[in-house]
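Each remark here refers to the structure printed beneath this line.
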Amino acid sequence: MPSLLLQSLFPLVFIMLLGWLSGKLGYTRREDASVLATVVIRFALPFHLFIGALNTDPNKIKNLSFMAVLVIGLMGSYLLTLCLSRYVFRHDIKTSAIQSLVCAFPDMAYFGAPVLSVLIGPEGFLGVLIGNLITSVFMIPLTIVLIRMGDKDSDLSTLNPGKMVVQNLIKAARNPIVWIPVSGVLLSLAGVQIPHLLSMPIEMVGKVAGGLSLFALGLLFYGERPQLNIQTCTNIGIKNLIQPAMMAAAGVAFGLSHTLLQQVVIIGATPSAIAAGMFALRSDTYIDSASSTILIGTAVGVVTEGIMIYLIS
């Protein structure tokens, strides 16, 4: 067990620290992280998920119980936070939407994928793929609608939530992190295999996803000064503890296999996604609490992820 924990978590800490030191020593600039992130999100990770989907048994992809557990865990924690934010912290609907996104959107690309790759192997892609589809189809469009509803300048009488959802779904479908892995799923379901001459370079690009994403994450955290308060502690508690607990309970209730249960719990324990912080910046709402939650939550996440790995292995 100590060896498994070390193999799963030490690479994360080492590469993130390498990224942070790179910024600290002036080898790279913090702004360079956005370029690295673009390479990961637009190319490396989509191709990594594509190859994973292509090499997976179609029967495993068709597992509706697995999808249902991820929907319950991701959207359940979103709605729970939305209620707490509105009725306990008394935030407006726009701030509540951002806080809910911060507490429910796991960093599957930067943090989750490398852990699953080490712990489970190629099949670990499945949770990342389906989780990304759920956030793209349900969580992000809902957040955008709530943000628009909360904008002081928006006219609610002319607001068309249905149209906004459709527009954002179309936009999400055009994103490489969605359509490239989905193409791999469709090819797998159809029993199609691509030539080795083509799969080899795609696999080479996909292999850099884990290391490059963690390096970029460490670089992004250089220069950040987080604030620890009741909001930050609540957010981290929901994201790093309550969400994996919801995933575990739903997984047991739906009778998931041990490997699939591992995937959902690890995804649930993954810290908040950097993308949630980007939404806060773009909306000029909840910025300090969001960035503090992501930074401190990632540091704490190394520990909570290790605890979850220990409990489910």
Hydrophobic cluster identity match, Tyr87 and Ile230, side-chain contacts under 4.5 Å: no
Passes side-chain contact (heavy atoms from CB on, under 4.5 Å), Thr298 versus Met16? Steps please. CA-CA 10 Å; Thr298 300; Met16 284 169 57; 3.5 Å; yes
Test item: side-chain donor near acceptor, Gln99 and Ser85, under 3.5 Å: yes
Residue pair Thr232 / Asn235, side-chain donor-acceptor N/O under 3.5 Å: no
Give the intermediate values and the outcome of side-chain contact (heavy atoms from CB on, under 4.5 Å) for residues Val102 and Thr81. CA-CA 9 Å; Val102 168; Thr81 309; over 6 Å; no
Group every Ile, Leu, Val, Met, Phe, Trp and Tyr by side-chain heavy-atom contacts under 4.5 Å, then state whether Leu133 and Ile266 land in the same group. yes
Is any side-chain heavy atom of Leu142 less than 4.5 Å from a side-chain heavy atom of Met75? yes
Hydrogens and angles aside, do Tyr78 and Thr143 bring a side-chain donor and acceptor to less than 3.5 Å of each other? yes
Hydrophobic cluster membership, Leu21 vs Ile15, 4.5 Å side-chain cutoff: no
Can you tell me how far the CZ atom of Phe138 sits from the CG atom of Leu70, to the nearest 0.5 Å? 11.5 Å
For a side-chain contact (heavy atoms from CB on, under 4.5 Å) check, start with the C-alpha distance between Gln263 and Leu256, then their side-chain angles and the critical distance, and finish with the verdict. CA-CA 10 Å; Gln263 286 195 50; Leu256 294 186; over 6 Å; no
Do Leu187 and Phe47 share a hydrophobic cluster (ILVMFWY, side-chain heavy atoms under 4.5 Å, transitive)? yes
Taking every heavy atom of Arg42 against every heavy atom of Ile180, the minimum-distance pair comes out as O-CD1, 4.5 Å
Gly23 backbone acceptor or donor facing Arg29 side chain under 3.5 Å: no
Could you tell me the separation between the NZ atom of Lys207 and the CG atom of Leu212, rounded to the nearest 0.5 Å? 15.5 Å
Residues, nucleotides or ligands: over 12 heavy atoms within 6.0 Å of Phe89 CZ: yes
Can you tell me if Leu197 has over 12 outside heavy atoms packed within less than 6.0 Å of its CG? no
Consider side-chain contact (heavy atoms from CB on, under 4.5 Å). Of Ile242, Val264, Val252, which one does Met247 pass it with? Val264
Nearest 0.5 Å, what's the CD-OG distance between Gln193 and Ser188? 7.5 Å
Rounded to the nearest 0.5 Å, how far does CD1 of Ile134 lie from CD1 of Ile140? 12.0 Å
Find out whether Leu74 and Gln243 are in side-chain contact, i.e. whether some heavy atom of one side chain is under 4.5 Å from a heavy atom of the other. yes
At what distance, to the nearest 0.5 angstrom, does CG of Asp288 lie from CZ of Arg225? 13.5 Å
Do Leu260 and Val69 come close enough that some side-chain heavy atom pair is under 4.5 Å? no
Side chains of Thr28 and Tyr222 in contact at under 4.5 Å (non-hydrogen atoms): no
Considering only heavy atoms from C-beta outward, does the side chain of Leu146 approach that of Leu82 to under 4.5 Å? yes
side-chain contact (heavy atoms from CB on, under 4.5 Å) for Met139 and Leu101? Distances and angles first, verdict last. CA-CA 7 Å; Met139 192 180 293; Leu101 190 68; 3.7 Å; yes
Closest heavy-atom pair, Pro244 versus Ala269, reported as atoms and distance to 0.1 Å, is CB-N, 3.7 Å
Heavy-atom closest contact (Cys233 atom, Leu228 atom, distance): SG-CD1, 3.7 Å
Indicate if Ile238 and Ile98 have the same hydrophobic cluster label, given that clusters are the connected sets of ILVMFWY residues with side-chain heavy-atom separations under 4.5 angstrom. no
Counting C-beta onward and ignoring hydrogens, is there a side-chain heavy-atom pair between Thr270 and Val115 closer than 4.5 Å? no
To the nearest 0.5 Å, tell me how far Phe66 CZ sits from Leu126 CG. 4.5 Å
Minimum heavy-atom distance between Thr293 and Ser272, given as atom pair plus value: CG2-OG, 4.0 Å
Do Asn132 and Thr135 have side-chain heavy atoms sitting under 4.5 Å apart? yes
Can you give me the closest heavy-atom contact between Ile51 and Ser199, atom names plus distance? CD1-O, 4.1 Å
What one should report as the nearest heavy-atom pair of Ile267 and Pro106 is O-CB, 3.5 Å
I'd like to know whether CZ of Phe43 has more than 12 heavy-atom contacts from other residues, nucleotides or ligands below 6.0 angstrom. no
Sidechain-backbone polar pair: Ser283 side chain, Ala280 backbone, donor-acceptor under 3.5 Å: no
